[in-house]
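Report on the following structure.
Here the structure is a predicted model, which is why all the values come from computation and not from measurement.
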Amino acid sequence: MSNRQILQAMSGLMAGMFVAILAGTVVANALPRIIADLGASQSSYTWVVTSELLAMTATVPLWGKLADLFNQKLLLQLSLGLFVVGSLVAGFSQEVGTLIVSRVIQGVGAGGLTALAQIVMAAIIPPRRLGKYAGIFGAVFAVGTVAGPLIGGVLVDTSWLGWRWCFFVGVPFALAGIVLLQRTLKLPTVRRQVRIDWLGAFLIVAGVCALLIWSSLAGSTFDWASWQTAALVATGVVLLSAAVFVESRAAEPIIPLDIFRNRTVTLTTLASFFVGIAMFAGTVFLSQYFQISLGKSPTVAGLMSLPLIGGLLVSSTVAGQIISATGKWKIYLIAGAVVMTAGLGLLSTIDADTHFGLLSVYMAFMGIGVGMLMQNLVLAAQNDVPAHELGAATSVLSFFRSLGGTVGTSVLGAVLANRVADEISRGLTEKGIPVAGGGHGSAVPDMTKLPEPMKDIVEHAYGIATGDLFLVATPFAFLGLLAVLFIKEKPLKTTSGMERLATEDTAAAGPAVTVPGPRSGEPAVTPDGTAGAVGLRKD
């Protein structure tokens with residue numbers, strides 16, 4: 001395919017990815033206002049984010065399996081349709097429970113977009129050229145991440161619109177994506193019999209949910225050392241152990257364990273998990289820090305995130321172009337991991353009095369690191385697996401990156417909530433104000449309604465707690481660096497996934513066998529005696 005043909009085919013994919021990114025980022029600066037308006041708690045704040053990430057994480061492998069069974073373009077359009085439904089339900093929510101359910105629906109749609117966009121790209125673009133287009137996707141990611149908080153902040157600060165339009169605003173983009181996919185994306189679809197491992201999917205989702213519920217509620221609803229903690233952790237471990245057992249014996253596992261025999265896949269999966277933790281720590285909790293600790297409006301908070309997004313935009317685009325030109329990619333993974341770790345370490349030093357100039361440098365470091373890592377980890381894995389495992393490898397990486405974001409958001413949210421509660425209690429005690437019931441810090445405060453002495457205590461508490469949150473995230477980034485160091489660099493292939501798949505199928509079929517043609521009215525019969533209904537067609 002020529003560059004023009006590839007860009008035309010990618011137009012709908014980019015619109016879909018923009019929508020998926022917008023779903024998470026447009027509410028980033030609106031969440032403090034949304035949670036305060038609905039009268040919800042810090043735990044609910046975390047779950048509005050986590051519910052979408054969990055749904056996306058759980059469904060990414062399922063969408064990858066469905067791509068082997070149904071038309072990929074139709075699945076992409078279905079994903080966008082689910083996003084539209086979830087957005088409308090979220091926009092009309094009257095209480096936080098409905099909002100969380102709507103975010104689950106959005107997450108299911110985002111899971112389809114996340115899995116299928118990467119699979120389609122690998123199918124039509126050779127790895128040697130993929131870096132350049134991955135850089136374009138990185139730019140789309142950056143634009144969506146920049147535009148989302150800014151759009152959300154403006155909508156929240158506009159009295160005649162409000163936070164509900166943060167959900168409605170993505171609907172036109174989703175509808176445009178559906179139309180573009182219909183007009184521009186033409187893919188050959190190979191139909192084969194696929195059995196979806198529903199038991200394995202259930203065990204994975206249930207096990208992850210049990211651990212996430214524990215990490216979200218421990219320390220607020222119940223103590224860390226309690227029978228609830230023991231029950232939830234034990235349940236999660238048992239369910240995930242059962243999932244490993246089922247997946248190892250399933251004919252069509254959701255997560256094929258054999259793929260981890262490939263060293264590159266294993267190491268890039270680990271690194272993707274840690275990148276997910278770092279990426280979501282920055283995008284989710286920095287906005288809350290800007291608004292509560294620094295006292296900025298949602299619009300200003302969106303503008304303050306520009307250094308992080310600018311770093312991500314520049315690094316992903318430039319690194320992708322250089323990789324396509326030179327064929328060398330490992331050095332950018334190492335550099336990205338080093339810079340990301342340094343950025344998180346620097347962000348761990350912030351508090352309510354940190355100068356914005358320093359904060360901008362710290363955010364830029366983190367953005368540059370994430371930008372060099374995120375898409376290029378996928379590139380490294382796709383380059384090192386057979387074409388018939390492209391879908392599985394891509395889905396596994398997307399799954400674990402989303403899982404890292406989900407676990408990171410839940411765990412770091414729990415750390416933040418407990419640290420804030422401790423700091424507020426300490427601040428009240430120092431001022432001689434009695435602490436009632438130990439419940440301070442459980443609810444996200446509306447800073448516009450707090451008296452000045454209490455406002456100072458809350459700002460200080462969120463500043464200290466946010467710094468501690470990044471301190472907890474830094475070791476995970478260092479583990480990602482260790483994983484990247486052990487990846488072996490291999491030359492990038494110059495053929496697309498479809499071309500490689502055709503070559504592999506030809507090699508597997510062996511010498512051609514001539515068989516008599518069928519008589520009129522009889523089905524064609526293949527050499528193995530089965531009806532020759534080969535489902536290769538243009539959609």
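The two residues Lys330 and Ile487 make their nearest non-hydrogen contact at NZ-O, 2.6 Å. Nearest heavy atom pair, residue Ser102 against residue Gly86, reads CB-O, 3.5 Å. The minimum heavy-atom distance linking Ala271 with Gly480 is given by the pair CB-O, 4.2 Å. Nearest approach of Met304 to Met363, heavy atoms of both residues: O-CE, 3.0 Å. For the pair Val169 and Cys166, the tightest heavy-atom approach, listed with the atom from each and the gap, is CG1-O, 3.5 Å. Contact record, Leu344 with Ala473: CD1-O, 4.0 Å, taken as the closest heavy-atom pair.
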Query raised in the report: Would Ile350 and Tyr289 count as a side chain to side chain contact (heavy atoms under 4.5 Å, CB included) if you check the C-alpha gap in whole Å, the side-chain angles of each, and the deciding distance to 0.1 Å?
Result: CA-CA 10 Å; Ile350 66 175; Tyr289 166 76; 3.9 Å; yes

Query - Leu175/Phe83 under side chain to side chain contact (heavy atoms under 4.5 Å, CB included): CA gap, chis, key distance, verdict - result: CA-CA 10 Å; Leu175 296 176; Phe83 174 84; over 6 Å; no

Requested in this report: Please assess Ser425 against Leu428 for the test side chain to side chain contact (heavy atoms under 4.5 Å, CB included), listing each intermediate value before the final yes or no.
Outcome: CA-CA 5 Å; Ser425 297; Leu428 292 174; 5.8 Å; no

**Report entry** Verdict with reasoning, Arg401 to Met374, per side chain to side chain contact (heavy atoms under 4.5 Å, CB included)
**Finding:** CA-CA 9 Å; Arg401 185 175 64 214; Met374 190 167 53; 3.7 Å; yes

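In this structure, Arg164 has no salt bridge (Lys or Arg N to Asp or Glu O under 4.0 Å) partners at least two apart in sequence or on a different chain. For the side-chain hydrogen bond (donor to acceptor under 3.5 Å, both in side chains) test, no residue two or more places apart in sequence or in another chain qualifies with Thr349. With sequence neighbours left out, the ring-ring contact (aromatic ring centres under 6.0 Å, His included) criterion links Phe92 to Phe168.
Between the Asp468 side chain and the Leu471 main chain, no donor and acceptor come within less than 3.5 Å of each other. Using modelled atom types, no side-chain atom of Gln291 and backbone atom of Lys296 make a donor-acceptor pair closer than 3.5 Å. A donor-acceptor pair under 3.5 Å links the side-chain atoms of Ser315 to the main chain of Leu312, judged by distance alone. Under the 3.5 Å distance criterion, the side-chain polar atoms of Ser293 are matched with a main-chain donor or acceptor of Glu459.
Residues Leu270 and Leu479 have side chains not in contact (no heavy-atom distance under 4.5 Å, counting atoms from C-beta outward). Proximity of Met454 to Ile424: side-chain heavy atoms (C-beta onward) are separated by under 4.5 Å at one or more points. Phe290 is listed as a side-chain neighbour of Leu359, based on a closest heavy-atom distance under 4.5 Å. Residues Trp163 and Leu155 are not in side-chain contact: their nearest non-hydrogen atoms beyond the backbone lie 4.5 Å or more apart. Taking the side chain as every heavy atom from C-beta outward, Thr341 and Phe365 never approach each other to under 4.5 Å. Looking at heavy atoms from C-beta onward, Ser316 lies out of side-chain contact with Met372 at the 4.5 angstrom threshold.
A 6.0 Å sphere centred on OH of Tyr332 holds more than 12 heavy atoms belonging to other residues, nucleotides or ligands.
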